[in-house]
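In what follows, a structure is listed as structure tokens, so that the remarks can point back to it.
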Amino acid sequence: MLELKNITKSFGDTHVLNGISLTLADGQIMSILGPSGGGKTTLLNIILGITDATSGQILYNGEDLTQVPMEKRGFNIVFQDYALFPNLTAYENITYGLRNNPGISSEAEIKELISLLGLEEHLGKRIDELSGGQKQRVALARTLVMKPKLLLLDEPLSALDGVIKESIKAKIKQIVDQYKLTTIMVTHDPEEACTMSDRVLIINHGKIAQYDTPENIIEHPASDFVRKFILHQLEVKRNNIYSLFSEAEADSQAAAANGAPAHALAGQEA
Ligand SMILES: Nc1ncnc2c1ncn2[C@@H]1O[C@H](COP(=O)(O)OP(=O)(O)OP(=O)(O)O)[C@@H](O)[C@H]1O
């Protein structure tokens, strides 16, 4: 279990985080959501260990990690820009961390992960020969072969769209389930946060606006801010989709009334 106790962070006179306390059970996914500049990345960096908290404690399974350096925490991050080595192949990137730590993952485990992420045919390619989604999967594989106790993801899906985004979302969920990985993800997208996570942490001006299950946040928003920030965005999305589908439905009803095959007007394949 990860436990944050009253974490605060100031950069000089700027108070970025204020009294962040929460627990996250093993194998769960938590998303951190909130307006720009609210402190999401700062909190992720404090958990990872690249930024020190001004005060407060970080515990993992009861052990106080607050003063433990990043490399000894056993946590690992996939950065937003993937931070892959451009002069190495996909495979060399994936296994890079194992050069100094052989044995963390066996050959069979590396193969399984590569297959789970559908990377077999890309292993020999250089990074600049890969698409955004393929780079993302390489970055994920490179982090996962190190078997982190805690997986941190900084906006893992922000550079992706459409089908690729949905497929990587599904892969992340599958891997988290399979490896029982405790995962923390920063995102700007309430839909992503609510559909992928067991818990959603909403931070506003450095304070917890709500920390709860997606269902509770949607059904019982803790404040007007949460209602406006989360529910409003989700409702706009839902209404857009409903109106798109009802327009398509109206088109096909009109087509049917005129005797034309519905799919001809709706632009669908038979
Ligand atoms: N190293 C730093 N020195 C000074 N101020 C910083 C530093 N890092 C972050 N900040 C400030 O802390 C605040 C929170 O930044 P942070 O990156 O954590 O926000 P965020 O919620 O992740 O924002 P975004 O959604 O835009 O990525 C911002 O006002 C930022 O300017």
Side-chain angles (χ1 to χ4, degrees), residues 2-22 24 29-58 65-71 73 75-84 132 135-136 139-140 143 150-161 165 168-169 172 182-197 199-212 214 217 221-234 236-237:
L2 177 76
E3 203 172 348
L4 305 183
K5 285 189 175 173
N6 211 10
I7 297 284
T8 66
K9 177 69 185 174
S10 303
F11 293 106
D13 290 340
T14 314
H15 303 298
V16 174
L17 293 172
N18 192 352
I20 304 289
S21 297
L22 58 85
L24 180 65
I29 302 185
M30 168 174 100
S31 285
I32 309 178
L33 200 57
S36 183
K40 302 182 293 295
T41 302
T42 303
L43 183 61
L44 200 71
N45 289 342
I46 288 172
I47 296 168
L48 179 65
I50 48 177
T51 301
D52 288 332
T54 304
S55 64
Q57 275 182 305
I58 301 166
L65 298 181
T66 318
Q67 305 300 331
V68 173
M70 176 181 72
E71 62 281 5
R73 289 191 187 183
F75 300 169
N76 213 331
I77 188 162
V78 179
F79 288 107
Q80 194 174 2
D81 62 359
Y82 315 137
L84 295 166
K135 283 182 200 161
Q136 171 64 6
L140 208 49
T143 301
L150 193 79
L151 174 65
L152 302 166
L153 303 166
D154 192 0
E155 305 215 25
L157 307 167
S158 63
L160 311 173
D161 53 19
K165 190 181 234 178
I168 295 203
K169 256 164 97 169
I172 292 175
T182 311
T183 302
I184 300 179
M185 178 175 104
V186 167
T187 173
H188 276 102
D189 182 346
E191 182 198 344
E192 204 170 283
C194 291
T195 54
M196 286 193 69
S197 321
R199 292 281 181 284
V200 178
L201 171 65
I202 303 168
I203 298 188
N204 188 24
H205 294 309
K207 289 190 181 155
I208 297 184
Q210 192 164 1
Y211 179 54
D212 217 325
I217 286 175
S223 62
D224 269 354
F225 165 77
V226 173
R227 192 172 296 114
K228 284 191 188 126
F229 185 73
I230 306 279
L231 294 193
H232 180 68
Q233 288 190 60
L234 289 174
V236 168
K237 254 190 184 177

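In what follows, residues are counted from 1 in the order of the sequence shown. As the structure lists them, so they are numbered: ligands from 1, and atoms in each ligand from 1.
- Scanning the protein heavy atoms around atom 15 (O) of ligand 1, the nearest turns out to be T42 OG1, 3.7 Å.
- A cation-pi contact, defined as under 6.0 Å to the ring centre and within 45° of the axis, is absent between K228 and F225.
- Checking atom 31 (O) of ligand 1 against the protein gives no heavy-atom contact under 4.0 Å.
- Of the inter-residue distances, the one linking L33 atom CG with Q210 atom CD reads 11.0 Å to the nearest 0.5 angstrom.
- Remark: ligand 1 and G39 share an N or O pair separated by less than 3.5 Å (distance only, no angle test).
- Put simply, atom 13 (C) of ligand 1 has protein non-hydrogen atoms near it, under 4.0 Å away.
- Under the salt bridge (charged side-chain N to carboxylate O under 4.0 Å, His left out) criterion, E192 pairs with K165, sequence neighbours left out.
- Atom 17 (O) of ligand 1 has as its closest protein heavy atom T41 CB, 3.7 Å.
- The backbone N or O of I47 lies less than 3.5 Å from a partner atom in the side chain of R73, making a donor-acceptor pair.
- In terms of protein heavy atoms, atom 9 (C) of ligand 1 is closest to F11 CE1, 3.5 Å.
- Side chains of S31 and T187: a donor-acceptor N/O pair is absent below 3.5 angstrom, by distance only.
- Minimum interatomic distance between L24 and T183 (heavy atoms only, all atoms of both residues): CD2-O, 4.1 Å.
- Every atom of ligand 1 with a heavy atom of P35 under 4.0 Å away is listed here by number and element: 21 (O).
- Numbered from 1 in the order shown, with element, the atoms of ligand 1 that lie under 4.0 Å from a heavy atom of K40 read 18 (O), 19 (O), 20 (P), 21 (O), 22 (O), 23 (O), 24 (P), 25 (O).
- At under 3.5 Å, a nitrogen or oxygen of H188, whether backbone or side chain, sits near a nitrogen or oxygen of ligand 1.
- One distance of note links CD of E71 with CD1 of I50; it measures 12.0 Å at 0.5 Å rounding.
- Of the inter-residue distances, the one linking S197 atom OG with M185 atom CE reads 5.0 Å to the nearest 0.5 angstrom.
- Among all protein heavy atoms, the one lying closest to atom 26 (O) of ligand 1 is S36 OG, 2.6 Å.
- For atom 29 (O) of ligand 1, the nearest protein heavy atom (residue, atom name, distance) is G37 O, 4.1 Å.
- Taking any N or O of V16, backbone or side chain, none lies under 3.5 Å from an N or O belonging to ligand 1.
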